[in-house]
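Everything below concerns the one structure shown next.
Just the heavy atoms: all of them, side chains too, but no hydrogens, waters or symmetry mates, feed the values below. Whatever order the structure lists them in is the order used to number ligands and atoms, beginning at 1.
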Amino acid sequence: MSTPTLRDVTSCLSAYDPDALPVRDAQRIIKEFITPVNAVERVALRAALDRVLAADVISPIDVPAHDNSAMDGYAFNAADLRPGADTTLAVAGTVFAGRPTDLVPARGQCVRIMTGGVMPPGCDSVVPQELVAHADAASITVAPGVIKAGDNRRFAGEDLKAGGAALRRGRVLRPADLGLLASLGIAEVPVQRRLRVAFFSTGDELRSIGEALDAGCVYDSNRYTLYGMLTRLSCDIIDMGIVPDQPEALEAALRTACENADAVLTSGGVSVGAADYTRQIMARLGDVTFWKIGMRPGRPLAFGRIASNGSSAVLFGLPGNPVAVMVSFYFFARDALLRMMGAEAALPLLRARSLAPIRKKPGRTEYQRAILSRVPGGEPEVRLTGAQGSGILRSMTEANCMVVLHDEQGDVGAGDLVDILPFEGLV
Ligand code: AMP
Ligand code: MG
């Protein structure tokens, strides 16, 4: 597959204006421009956590391998139950989990069975031991209506069938998937190789932690949020530090990044400030476009592909403001990186009631930081974390979700439902 140019993908949009680009158009262009990296490696099962499965896994066996009991109790044939009266069954023996026997109970008999024990021939139901009216070593008595045919019997292959697809490629492997693969006896998994992502911060005003904070300077926080976000995506990261606003330094850094990584992320320098040489150099090194996206925070974004000495890399020139860099990462770079890894992971938007009015101008997408809560018996409610400036990183740490106010949306009234993106999930 030949890699498309930005012109190829933007020409499909009916009204493409890089200076007023809606979020969804930017997302669409990015999606069409990105091609998967497609390089596979085999890793041990535990090392596959959070990695992208590179091939469908076909179940080699039935799981469970045989019909078995879901409870500690007594297995029997439901045809032996006396309708409307007590049933007494003789105990023919005991079956333990993992210790199959050749016990074949006769009609009118039952078998004491432990959870996971293989169902003896002729038995189709299990009465849990706590539901038996009377039991001793020789017999049990079951009251009418306590149990019906098929209760507490697990079927061979009810979890996974031999020859069936257990997991599909493109999946980011979660704890349950590791367990599922283990249940199939699979020790090694084909996964996409880790994506290599290089990143650096630009700005003469930036200082690294450990350095003195000179007058007019700020510590570089973007490299740390980017480190965290990329690590969560299981990328191999190359932290290139701070690059000053000097054309030669920027060019050298972009070239090194491009020669060593699949994707390059920078922060700062993509708006129109006087010292922002980043744009010129990026444009010189490849097929790069500079957008003003209809969103808040995070309007400026550079996107494309840069090349140096025969290597190329996808480029995201993220804005400099600390909240803007995170929002742009989550809503643009994250999808692109996952796509390069062969995975698709749409962000799940939920709905919650806004506790207070929110001012919102139609014509742009806003990502407001907020706290989702729920009083007992109530429904999910959301309130903003206070000042929403794109430099106020505290708004991200205090928040547990973002309220997503879409392009066409206007002011939100107290009690209105809004879309939210929670930060934490179970897995
Ligand atoms: P810029 O996009 O380069 O004009 O930067 C916008 C704002 O973000 C400026 O106030 C910068 O000081 C700030 N900024 C840029 N990069 C960083 C960074 N790595 N860490 C913290 N603040 C930054
Ligand atoms: Mg700057």
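At a 4.0 Å heavy-atom cut-off, ligand 1 touches Leu206 through the side chain alone. Under 4.0 angstrom from ligand 1, there are no non-hydrogen atoms of Arg223. At a heavy-atom distance under 4.0 Å, atoms from both the backbone and the side chain of Ser221 approach ligand 1.
The existence of a salt bridge linking Arg194 and Glu41 is excluded, since no basic side-chain nitrogen approaches an acidic carboxylate oxygen closer than 4.0 Å. A salt bridge does not link Asp220 with Arg207: none of the charged nitrogens is closer than 4.0 Å to a carboxylate oxygen. Salt bridge Arg364/Glu366: present, at least one basic N to carboxylate O contact under 4.0 Å.
What sits closest to atom 14 (N) of ligand 1 on the protein, heavy atoms only, is Gly320 O, 3.2 Å. The protein heavy atom nearest to atom 17 (C) of ligand 1 is Asn222 ND2, 3.2 Å. Nearest protein neighbour of atom 22 (N) of ligand 1, counting heavy atoms only, is Pro322 CG, 3.8 Å. The shortest contact between atom 10 (O) of ligand 1 and any protein heavy atom is with Asn321 OD1, 4.2 Å. Atom 11 (C) of ligand 1 has as its closest protein heavy atom Glu205 OE2, 3.0 Å.
Listed by atom number, the atoms of ligand 1 under 4.0 Å from Ser271 heavy atoms are 2 (O), 4 (O). Counting atoms of ligand 1 from 1 in the listed order, those under 4.0 Å from a heavy atom of Ser201 are 19 (N). Every atom of ligand 1 is numbered from 1 in the order shown, and the set under 4.0 Å from a heavy atom of Tyr219 is 20 (N), 21 (C). For ligand 1, the atoms lying closer than 4.0 Å to a non-hydrogen atom of Asp220 are 18 (C), 19 (N), 20 (N).
Phe332 has its ring centre no less than 6.0 Å from the ring centre of Phe303.
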Can you list the steps and then say if Trp291 with Ile29 is a side-chain contact (heavy atoms from CB on, under 4.5 Å)? CA-CA 12 Å; Trp291 288 330; Ile29 293 168; 3.8 Å; yes
side-chain hydrogen bond (donor to acceptor under 3.5 Å, both in side chains) between Asp287 and Thr5, worked out: CA-CA 7 Å; Asp287 186 16; Thr5 64; 4.8 Å; no
Give the intermediate values and the outcome of side-chain hydrogen bond (donor to acceptor under 3.5 Å, both in side chains) for residues Arg369 and Gln388. CA-CA 7 Å; Arg369 281 74 70 204; Gln388 297 285 317; 3.3 Å; yes
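Relative to the ring axis of Phe290, Arg279 places its NZ or CZ within 45° and under 6.0 Å from the centre. Cation-pi check for Arg99 over Phe96 is met; the charged atom lies under 6.0 angstrom from the ring centroid and within 45 degrees of its normal.
The shell of residues lying under 4.0 angstrom from ligand 1, judged by heavy atoms, includes Gly269.
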